[in-house]
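Input: a single structure, listed below in structure tokens.
Quick note on labels: first sequence line is chain A, next is B, and so on, each numbered from 1.
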Amino acid sequence: MKEKELRRSLAVLPIGTVMKLTNLSARQIRYYEEQQLVMPKRSEGNRRMYSLNDIDRLLEIKDFLDEGINMAGIKHIYDEKERKLAEKQAKLEKPLTDKDVRRILRDEFIAVSGLSKQDEFSFKHNNNF
DNA sequence: CTTCTGACA
DNA sequence: TGTCAGTA
């Protein structure tokens, strides 16, 4: 399920093909790029190259527009989507430090050990997990 | 022949 | 958004 995503993100379609697949004019496709709604790659000759994901996005943009949403609104939708995605990755890719692990284990041990307040105090100041 | 940037009767 | 110009 990773090879498939790779292919969908490969930018290999020239604007002419994109025009036929989306029924959008070159003017519109370039304009949406100016509005940061799509960011196609560029070939060595400075030609825009789109991926299948770009096609989906352009089609989606066209739908949003038909629903009466303006450029700013669509930009906001994508910006918000990126913000939430970055938020999730930040939490998933933040490994616990040894210090965090030791603190968690210690607190959990104290919680179930039945130690008195005085014992807990001694424990916290003598152990070196 | 296709695409690019810039501009606007 | 369309379209024309002058390029690459």
Side-chain angles (χ1 to χ4, degrees):
Chain A
M1 193 65 98
K2 205 169 190 178
E3 191 68 32
K4 189 176 181 181
E5 295 174 15
L6 177 66
R7 296 181 193 293
R8 291 189 62 70
S9 64
L10 281 182
V12 295
L13 312 173
I15 198 169
T17 301
V18 178
M19 290 172 69
K20 295 174 182 176
L21 266 37
T22 64
N23 287 307
L24 288 171
S25 67
R27 183 78 174 76
Q28 294 175 301
I29 297 172
R30 291 172 185 141
Y31 179 64
Y32 300 156
E33 180 182 352
E34 283 183 51
Q35 304 305 301
Q36 308 291 294
L37 298 183
V38 286
M39 32 171 267
K41 301 294 183 299
R42 291 291 181 129
S43 68
E44 292 179 28
N46 195 41
R47 268 105 197 267
R48 277 170 255 258
M49 300 304 277
Y50 302 81
S51 68
L52 294 177
N53 284 323
D54 291 328
I55 299 296
D56 288 337
R57 165 152 299 197
L58 287 169
L59 255 21
E60 189 174 41
I61 292 171
K62 193 165 65 169
D63 289 336
F64 282 143
L65 255 28
D66 288 331
E67 292 173 34
I69 304 176
N70 55 49
M71 294 285 101
I74 298 176
K75 275 198 67 177
H76 184 266
I77 292 175
Y78 291 139
D79 288 343
E80 198 66 359
K81 184 172 295 181
E82 272 190 60
R83 188 183 66 65
K84 292 183 178 179
L85 192 64
E87 192 174 81
K88 282 190 175 183
Q89 300 187 322
K91 289 188 176 182
L92 292 176
E93 294 173 20
K94 181 179 293 178
L96 296 175
T97 64
D98 285 354
K99 185 179 180 180
D100 291 329
V101 175
R102 274 185 271 109
R103 178 181 53 66
I104 293 173
L105 290 176
R106 187 205 65 194
D107 291 346
E108 193 165 307
F109 175 63
I110 292 174
V112 302
S113 66
L115 294 175
S116 68
K117 279 297 180 182
Q118 178 54 55
D119 291 335
E120 180 178 323
F121 179 81
S122 300
F123 179 76
K124 285 184 175 179
H125 292 281
N126 296 321
N127 89 87
N128 65 327
F129 261 31

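Look at CD on A:Glu33: it is 12 Å from P on B:dG6, rounded to the nearest Å. Taking atom CE on A:Met19 and atom P on B:dC4, their separation rounds to 10 Å, with Å as the unit. Following rounding to the nearest Å, A:Lys41 (NZ) and B:dT3 (P) show an atom-to-atom distance of 19 Å. Rounded to whole Å, the distance from CD1 on A:Ile29 to C1' on C:dG2 is 14 Å. Protein atom CZ of A:Arg42 is 8 Å distant from nucleotide atom C1' of B:dC4, rounded to whole Å. Straight-line distance from the CE atom of A:Met71 to the P atom of C:dT1: 7 Å, rounded to whole Å. The distance between atom CG of A:Leu24 and atom C1' of C:dT1, rounded to the nearest whole Å, is 12 Å. The distance from atom CZ of A:Arg30 to atom P of B:dA7 is 15 Å, rounded to the nearest whole Å.
For the pair A:Pro14 and A:Arg27, nearest-nucleotide mapping onto DNA chain B gives the more 5' position to A:Pro14. Checking A:Gly45 against A:Gln28, the closest nucleotide of DNA chain C that is more toward the 5' end is the one next to A:Gln28.
The residue A:Gly16 sits close only to the backbone: its heavy atoms come under 4.0 Å of sugar-phosphate atoms, none of a base.
Two residues are said to be in side-chain contact when any heavy atoms from C-beta on lie closer than 4.5 Å; A:Leu65 and A:Lys62 fail this criterion. At least one side-chain heavy atom of A:Met71 sits less than 4.5 Å from a side-chain heavy atom of A:Tyr31. Using a 4.5 Å cut-off on side-chain heavy atoms (C-beta onward), A:Asp98 and A:Arg102 make contact.
For A:Tyr50 and B:dT3, the shortest distance from a side-chain N or O to OP1 or OP2 is not below 4.0 Å. At the phosphate of B:dC4, neither OP1 nor OP2 sits under 4.0 Å from any side-chain N or O atom of A:Arg47.
Nearest to the side chain of A:Ser25, among B:dT2, C:dT1, C:dG2, sits C:dG2.
Residue A:Asp66 qualifies as enclosed at atom CG: its count of foreign heavy atoms under 6.0 Å is above 12. Other residues, nucleotides and ligands contribute over 12 non-hydrogen atoms within 6.0 Å of the CD atom of A:Gln89.
Cluster annotation: A:Met49 and A:Val38 are assigned to distinct hydrophobic clusters (Ile/Leu/Val/Met/Phe/Trp/Tyr, side-chain heavy-atom contacts under 4.5 Å, transitive).
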Dot-bracket for DNA chain C, please, read 5' to 3', with Watson-Crick or G-U wobble pairs under 3.5 Å on both distances, ( ) within the strand, [ ] crossing, | other strand, . unpaired.
.|||||.|
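Note on A:Glu80 versus A:Arg83: salt bridge recorded, some NZ/NE/NH1/NH2 to OD/OE distance being below 4.0 Å.
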